[in-house]
Every structure is written in structure tokens, then in C-alpha cells.
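Nothing here was measured: the structure is a model prediction, and the numbers come from that model. FYI, the numbering just counts along the sequence from 1.
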Amino acid sequence: MDDKESLYEEKLREFEERIARGEKIEPGDWMPEEYRQQLIRMISQHAHSEIVGMLPEGAWITRAPNLRRKMILLAKVQDEAGHGQYLYHAAETLGATREEMIDALLTGQAKYSNVFNYPTLTWADNAVIGWLVDGAAIKNQTMLAQASYGPYSRAMVRICAEEGFHMKQGKEMVIKYSQGTPAQKAMVQDAINRWWWPTLMMFGLPDKTSTNSPTLLKWGVKTRSNDELRQEFVNELVPELHALGLSLPDPDLHYDEASGNWVYGQINWDEFWQVVRGNGPCNTERLAARRQAHEDGRWVREAVSAYAEKQKAGNGQG
Ligand code: 3HC
């Protein structure tokens, strides 16, 4: 081993010891390049998911059934924009630029959560997104609040607090509609039937095929595996939905006494890849909406940078 290699090995050992002691890695600290790249990948995809995640529900703001529901939905969608901001900032601390990340999203190169490429067909979709989709997001993000990278873990603490409100408002609606008129019950059941499988896909690939998990687990970005979190989510949700008289669109779903798990059927990973690669029901629409929003914001970016330039020139003269 030459000097350069042994220096790297020593730095890596110190880095891994810090993680083992539960210390946070902060911007500017030494970190392996692979750790930095994995974090940029995951945090930027997460940021894009928050921003694109505003669209399916945002479409219902003008059609909310009453003022209370409209105010809740407005607050929720606005929260998602804030989550995107915290996350883009967290990725910027690792050297990624906002322009690169946004460009990757708008040109269709970047991934974002599969689940936001499905349409919201009825008002009950907002209820089910709140309970199931935000519930799945919280399960994953509560783990990520323990992540070894300081800025990401701190962003997660705040995001989880807000997601808790998102999930509760969705659950409240599902409970209400499940006990409502036959039309309301049918509407909420139909929404569950459409969102159940895409929600289970949100947890990522099965452990045996998840290419990123080993690195993320080794360096404490994740502390629990995709399958573990998915199973815990299913175990929590199934009895609660059954108790409301609602069913799940999975003929193979059954309780296994030995493991204490609700065993679910085969997830359609072909559908998952179709959606993630841009061929889901709403991918084109979602990216078109983001591109339009980016274009509409151009004058603001230009005004801000012109002002900054002017200030700089002014300071130079002074
Ligand atoms: N949707 C889209 N792509 C996905 C995916 C999903 N549900 N699950 C996995 N993938 C992609 C991965 O990004 C990876 O692609 P890449 O290597 O080209 O980057 C590939 O499929 C292989 O998957 P892995 O299982 O190896 O990936 P990970 O180990 O990174 O696990 C993950 C995927 C669980 C999504 C993980 O990245 C993660 O925990 N991310 C942070 C949380 C997050 O992004 N959540 C998204 C939802 S946010 C949300 O719902 C907010 C709402 O309130 C608006």
C-alpha cells in the first residue's frame, strides 16, 4: 500500500468510526466520494419527489368540497414545496448545484417517486394519498431522520413533523368516507384499490435487488431495509383498513401466525419500471407542469440575479 492509499484508509476508518459512534457527518467534513454521490442521488430524487408530489393533489385545490378541506389542502401542498427547498439545500451542501438538479428533472434524466405519476380521479384520492402515500413516506423518513449526514437528517426531522399532519388529515377523511353514504364508501374503496400497489412500490426495490441499499446501510444513511419498512407499513395499515370495512386489492394478502406478518402478493415490478422510466399514466403531464412552472418563474430568477449584480457593482464602487 503506498502513502496515498494508506492515508485514504485511515480517513475512511475515522469516518466509519464517527458513524459508528452516532456522530453526524457535516458539510466540509471528509467523506468518501461514493458516500457524497449516493447522498446527492438520493436527496435530489427526494427533493424532486416533493416538488412533483405537489401536482396530483394541487389539481384539487379549486375543487375542494368545503373551505376547511381547501385550507388543509393548500397548507399541505405548500408544505411539500418547502420540503423540496430544504432538500435541494441539503444536496447543495454536498456540491450539487440547484441548476444541475432542476435541469436533470426537467430533461427527464432524474428519477422521482413512482407514486406521483398516477392520476387523482376523485376527491377521495386526496384522502388516500394523505393516509397511505404520506404514511409510507413518513415510515421511510422517520428512519432517515437518523441518517448519518447532518443536513439530511435535520431536514427530515422537520419534514416528518409536517408529514404527520398530512397523514392525519388523510386518515380522518378515509375514516369519515368509510362511514359515510354508499357513494362515499365506494369512492374511498376505489381510491384505495388504485393507490395500494403504487404505495408499496414507494419503499424501493426488494432487498435482494436493491443496488443502492448495501452502501446506504453500510454508511448509516439508511438504518433499515426497504423490505423491512414495507412489511411494517403493511402490518400497520391492513388491520386499520379492515377495521373500517375497507378491503385491499390483493387476493394473496393473508395473516401469517408464525411471523406475525400480513403477507402480501407479488408487486408488479414491470409496472414500476415502466412508470420510473417515464411511461406511467401521468409522467408527461407532470414534467410538462414542472417545465411550465420553471418558465413562469424565469422573470423572478432574472430579477433576483440582476439585483444581486447591481448590489455587487455598488459595493465595488463604495
Ligand atoms: N420511485 C422511483 N424510483 C425508485 C423508487 C421509487 N419508489 N424506488 C427505487 N427507485 C430507483 C432508485 O432511485 C434507484 O435508481 P438510481 O440508482 O438510478 O438512482 C433504483 O430505482 C434502484 O432502487 P434501490 O432500491 O436500489 O434505491 P434506494 O436504495 O435508493 O431506495 C428509496 C429507494 C427507498 C426511494 C430511497 O432512495 C429513499 O429512501 N429515498 C428518500 C426518500 C424519498 O425519496 N421518498 C420519496 C417520496 S417523498 C414523498 O412522498 C413526499 C410527499 O409527501 C410529497
Side-chain angles (χ1 to χ4, degrees), residues 1-51 79 82-102 104-105 110-113 136-164 202-233:
M1 201 186 287
D2 63 19
D3 285 355
K4 215 167 141 194
E5 266 176 312
S6 75
L7 186 63
Y8 176 86
E9 288 304 322
E10 196 182 318
K11 283 184 168 172
L12 182 63
R13 189 174 44 76
E14 278 169 22
F15 167 83
E16 290 183 338
E17 281 171 3
R18 289 186 64 193
I19 292 176
R21 284 197 299 271
E23 279 177 38
K24 297 291 177 207
I25 307 299
E26 297 295 341
D29 289 353
W30 187 89
M31 60 184 81
E33 185 56 19
E34 196 187 351
Y35 178 79
R36 197 176 71 84
Q37 290 300 340
Q38 272 290 348
L39 283 169
I40 292 177
R41 177 195 70 82
M42 189 166 139
I43 300 173
S44 61
Q45 287 180 8
H46 192 168
H48 301 325
S49 303
E50 300 281 353
I51 298 295
D79 284 350
H83 298 174
Q85 288 289 353
Y86 310 150
L87 290 164
Y88 284 126
H89 279 305
E92 281 169 335
T93 65
L94 291 152
T97 69
R98 183 74 66 110
E99 290 74 18
E100 275 162 16
M101 291 187 276
I102 299 290
L105 173 67
K111 293 192 175 73
Y112 57 88
S113 188
I138 295 175
K139 183 142 288 299
N140 173 268
Q141 291 169 185
T142 305
M143 166 191 73
L144 295 173
Q146 311 295 322
S148 55
Y149 188 57
Y152 194 31
S153 88
R154 289 189 289 273
M156 283 298 120
V157 172
R158 171 124 185 222
I159 290 176
C160 284
E162 292 175 354
E163 294 289 0
M202 282 176 73
F203 290 93
L205 295 185
D207 295 348
K208 58 179 186 304
T209 50
S210 168
T211 44
N212 299 295
S213 285
T215 311
L216 296 171
L217 287 162
K218 176 174 72 170
W219 285 328
V221 178
K222 287 187 194 175
T223 47
R224 304 184 63 199
S225 80
N226 297 355
D227 284 335
E228 243 177 283
L229 292 174
R230 186 172 11 246
Q231 186 63 62
E232 193 173 281
F233 174 81

Visitor: How many angstroms lie between atom CG of Leu12 and atom CG of Leu7, to the nearest 0.5 angstrom?
Guide: 11.5 Å

Visitor: Going by salt bridge (charged side-chain N to carboxylate O under 4.0 Å, His left out), name the residues that satisfy it together with Glu17, two or more places apart in sequence or in a different chain.
Guide: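 For Glu17 the salt bridge (charged side-chain N to carboxylate O under 4.0 Å, His left out) partners, ignoring immediate neighbours, are Arg13.
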
Visitor: For Ser44, give me all partners under side-chain hydrogen bond (donor to acceptor under 3.5 Å, both in side chains), at least two apart in sequence or on another chain.
Guide: none

Visitor: Can you name the salt bridge (charged side-chain N to carboxylate O under 4.0 Å, His left out) partners of Glu10, sequence neighbours left out?
Guide: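 So Glu10 forms no salt bridge (charged side-chain N to carboxylate O under 4.0 Å, His left out) with any residue.
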
Visitor: Applying salt bridge (Lys or Arg N to Asp or Glu O under 4.0 Å) as the test, list every pair that has at least one member in residues 137-154; sequence neighbours left out.
Guide: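 For residues 137-154: Glu26-Arg154, Lys139-Glu232, Lys139-Glu236.
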
Visitor: Check whether Thr223 reaches the backbone of Gly220 with its side chain - one donor and one acceptor, N or O, closer than 3.5 Å.
Guide: no

Visitor: For the CD1 atom of Ile51 and the CG atom of Leu87, what is their distance to the nearest 0.5 Å?
Guide: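 Answer for the CD1-CG pair, Ile51 versus Leu87, is 9.0 Å.
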
Visitor: I want to know whether Tyr35 and Trp30 have ring centres closer than 6.0 Å.
Guide: no

Visitor: List the atom of Ser153, the atom of Lys24, and the distance in Å for their closest heavy-atom pair.
Guide: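 In terms of heavy atoms, the two residues are closest at OG-CE, 3.4 Å.
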
Visitor: Under the side-chain contact (heavy atoms from CB on, under 4.5 Å) rule, collect the residues that match up with Ala136, sequence neighbours excluded.
Guide: Thr199, Met202, Phe203, Phe233

Visitor: For Arg158, what residues pass the side-chain contact (heavy atoms from CB on, under 4.5 Å) criterion, not counting sequence neighbours?
Guide: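 Counting only residues at least two positions away or on another chain, Arg158 forms a side-chain contact (heavy atoms from CB on, under 4.5 Å) with Tyr86, Glu162.
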
Visitor: Run the salt-bridge test on Lys11 and Glu14 with the 4.0 Å N-O cut-off and return the result as yes or no.
Guide: no

Visitor: Which heavy atom in Thr93 sits nearest to a heavy atom in Ala90, and how many Å separate them?
Guide: OG1-O, 2.5 Å

Visitor: Working note: Asn212 + Met42, criterion side chain to side chain contact (heavy atoms under 4.5 Å, CB included); need CA distance, chi angles, decisive distance, verdict.
Guide: CA-CA 9 Å; Asn212 299 295; Met42 189 166 139; over 6 Å; no

Visitor: Say whether, by atom type as modelled, one donor and one acceptor occur between the side chain of Ser49 and the main chain of Ser113 under 3.5 angstrom.
Guide: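 Pair found, side chain donor or acceptor close to backbone of Ser113.
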
Visitor: Please enumerate all residues that pass salt bridge (charged side-chain N to carboxylate O under 4.0 Å, His left out) together with Glu9, with sequence neighbours excluded.
Guide: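 Checked Glu9 against salt bridge (charged side-chain N to carboxylate O under 4.0 Å, His left out); zero matches.
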
Visitor: Looking at residues at least two apart in the chain, or sitting in another chain, which of them share a side-chain hydrogen bond (donor to acceptor under 3.5 Å, both in side chains) with Glu92?
Guide: His89, Arg98

Visitor: Tell me, please, which residues at least two apart from Lys111 pass salt bridge (charged side-chain N to carboxylate O under 4.0 Å, His left out).
Guide: none

Visitor: With sequence neighbours left out, write down each residue that passes side-chain contact (heavy atoms from CB on, under 4.5 Å) with Ser213, or none if nothing qualifies.
Guide: Ser210, Leu217, Lys222, Asn226

Visitor: Thr215: which residues meet the side-chain contact (heavy atoms from CB on, under 4.5 Å) condition with it, sequence neighbours left out?
Guide: Glu34, Gln38, Trp219

Visitor: Of all the heavy-atom pairs spanning Ala91 and Ile40, show the shortest one and how long it is.
Guide: O-CG1, 4.5 Å

Visitor: With sequence neighbours excluded, what pairs up with His48 under the side-chain hydrogen bond (donor to acceptor under 3.5 Å, both in side chains) test?
Guide: Tyr88

Visitor: Can you tell me how far apart CG (Leu94) and CD1 (Ile43) are? Round to the nearest 0.5 Å.
Guide: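 Interatomic distance, Leu94 CG to Ile43 CD1, rounded to 0.5 Å: 5.5 Å.
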
Visitor: To the nearest 0.5 Å, what is the distance between NE2 on His46 and CG on Leu144?
Guide: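 CG of Leu144 is found 7.0 Å from NE2 of His46.
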
Visitor: For the CD atom of Gln231 and the OG atom of Ser225, what is their distance to the nearest 0.5 Å?
Guide: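 Between Gln231 CD and Ser225 OG, I get 10.5 Å after rounding to 0.5 Å.
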
Visitor: Looking only at atom types and distance, does a side-chain atom of Arg230 sit under 3.5 Å from a main-chain N or O of Gly204, one as donor and one as acceptor?
Guide: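 Side chain of Arg230 to backbone of Gly204: a pair is present.
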
Visitor: Can you tell me how far the OG1 atom of Thr209 sits from the CG atom of Asp227, to the nearest 0.5 Å?
Guide: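 Result: 8.0 Å between the selected atoms.
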
